[in-house]
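For reference, the structure is listed below as structure tokens.
Owing to the predicted nature of the structure, the values given are computational and were not obtained by experimental measurement.
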Amino acid sequence: KTYYKEDFIAATMSTELTNSTKLREFIEELKKLKIEIVKPSINNCFADFRAIKRKIVYGLGAIKNVGFEAISNIVNERESNGPFNSFTDFVNRVNIKDVNKLQLEGLVKAGVFDEFDKDRNKILNSIPKIIQKIKNINEDKNNHQTNLFADQENNQTEFEFLPSIPWKQKELLSEEFKSLGFYLTNHPLNE
């Protein structure tokens, strides 16, 4: 296998998962080198940074308050049973020990669920309800119970979000900054 500079960069970034200042420097350097960064995604990223097809895939373990072990377990679920098809699929498959309020907030603010729903505020406002739903699903699994109202094929009930007002670009970037420690998808001054 040929060892590209992207492989080295990804490996080095993975050693700095908890250092957002250092990661910000790496991201700025990657932009200068015109190396594409795959934005945080629940289906396309891993716990650590990876170089795939000469792109740097964002390490979800670097998101504030998420935790490397918890996100590794979620990624293992995805790798074992296929990509998450929807936010409802994520809620139905994740283990309650791998998600708490702070972890979900970090993931939502970083945009890992944007492929399912771009309204991050809607998901963020529903986190207490999401946590309760995951607990109920996990308890049912542990008690070997099924839901009479669930989709019979995959035993999933659709998740109903609480009403919210979508964030404007400035709010979205502010929340993203809080979870990553830097601006990744855009910058407020670009407006």
For [X], check salt bridge (charged side-chain N to carboxylate O under 4.0 Å, His left out) against everything at least two apart and list the hits.
| X | answer |
| --- | --- |
| Glu77 | Arg93 |
| Lys122 | Asp117 |
| Arg78 | none |
| Glu6 | Arg54 |

Go through the structure and list residues passing side chain to side chain contact (heavy atoms under 4.5 Å, CB included) with Ser126, not counting sequence neighbours.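 So Ser126 forms a side chain to side chain contact (heavy atoms under 4.5 Å, CB included) with Ile130, Phe159, Phe161, Leu162.
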For Asn73, all residues meeting side chain to side chain contact (heavy atoms under 4.5 Å, CB included), sequence neighbours excluded: Glu69, Asn76, Lys97, Asp98
For [X], all residues meeting side-chain hydrogen bond (donor to acceptor under 3.5 Å, both in side chains), sequence neighbours excluded:
| X | value |
| --- | --- |
| Glu175 | Lys109, Lys178 |
| Asn125 | none |
| Asn95 | none |

Say whether, by atom type as modelled, one donor and one acceptor occur between the side chain of Glu25 and the main chain of Lys22 under 3.5 angstrom.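 No, the answer is negative, given that no donor and acceptor are paired below the 3.5 Å cut-off.
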Does any N or O in the side chain of Glu176 come within less than 3.5 Å of the main-chain N or O of Gly111, such that one atom is a donor and the other an acceptor? no
Take a 6.0 Å sphere around NZ of Lys129 and say whether it holds more than 12 heavy atoms from other residues, nucleotides or ligands.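 It does: Lys129 NZ has more than 12 such atoms within range.
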Within a reach of under 6.0 Å around NZ of Lys64, are more than 12 heavy atoms found that belong to other residues, nucleotides or ligands?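 For Lys64, atom NZ is crowded (more than 12 foreign heavy atoms under 6.0 Å).
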Where do [X] and [Y] come nearest, in terms of heavy atoms and distance?
| X | Y | result |
| --- | --- | --- |
| Cys45 | Leu60 | CB-CG, 3.7 Å |
| Leu124 | Val108 | N-CG1, 4.0 Å |
| Asn186 | Gln169 | ND2-NE2, 3.4 Å |
| Arg50 | Asp48 | NE-OD1, 3.0 Å |
| Ile131 | Val99 | CD1-O, 4.1 Å |
| Gly106 | Ile63 | O-CG2, 3.3 Å |

Value rounded to 0.5 Å, distance of [atom1] in [X] from [atom2] in [Y]:
| X | Y | atom1 | atom2 | value |
| --- | --- | --- | --- | --- |
| Asp114 | Ile42 | CG | CD1 | 11.5 Å |
| Arg120 | Leu107 | CZ | CG | 11.5 Å |
| Phe84 | Ser41 | CZ | OG | 10.5 Å |
| Thr15 | Met13 | OG1 | CE | 9.5 Å |
| Ile165 | Glu171 | CD1 | CD | 9.0 Å |
| Leu172 | Lys118 | CG | NZ | 10.0 Å |

Which residue pairs pass the ring pair (Phe, Tyr, Trp, His ring centres under 6.0 Å) test when at least one of the two sits in residues 19-53, sequence neighbours left out?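 Of all non-adjacent pairs touching residues 19-53, those that pass ring pair (Phe, Tyr, Trp, His ring centres under 6.0 Å) are Phe49-Tyr58.
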Would you mind listing every ring pair (Phe, Tyr, Trp, His ring centres under 6.0 Å) that reaches into residues 104-128, with sequence neighbours excluded?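 Qualifying pairs, neighbours excluded: Phe87-Phe113, Phe90-Phe113.
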Which side-chain N or O atoms in residues 29-38 pair as donor and acceptor under 3.5 Å with protein atoms at least two apart or in another chain?
none

Between Glu105 and Asn65, does a side chain to side chain contact (heavy atoms under 4.5 Å, CB included) hold up when you go through it step by step? CA-CA 8 Å; Glu105 283 176 1; Asn65 300 320; over 6 Å; no
So, do Asn138 and Ile134 sit near enough that their side-chain heavy atoms are less than 4.5 Å apart?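 Sidechains of Ile134 and Asn138: in contact.
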Side chain to side chain, Ile56 and Ile27, heavy atoms closer than 4.5 Å: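 With C-beta onward as the side chain, the pair stays apart.
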Are Ile52 and Val75 co-members of a hydrophobic cluster defined by side-chain heavy atoms under 4.5 Å apart? yes
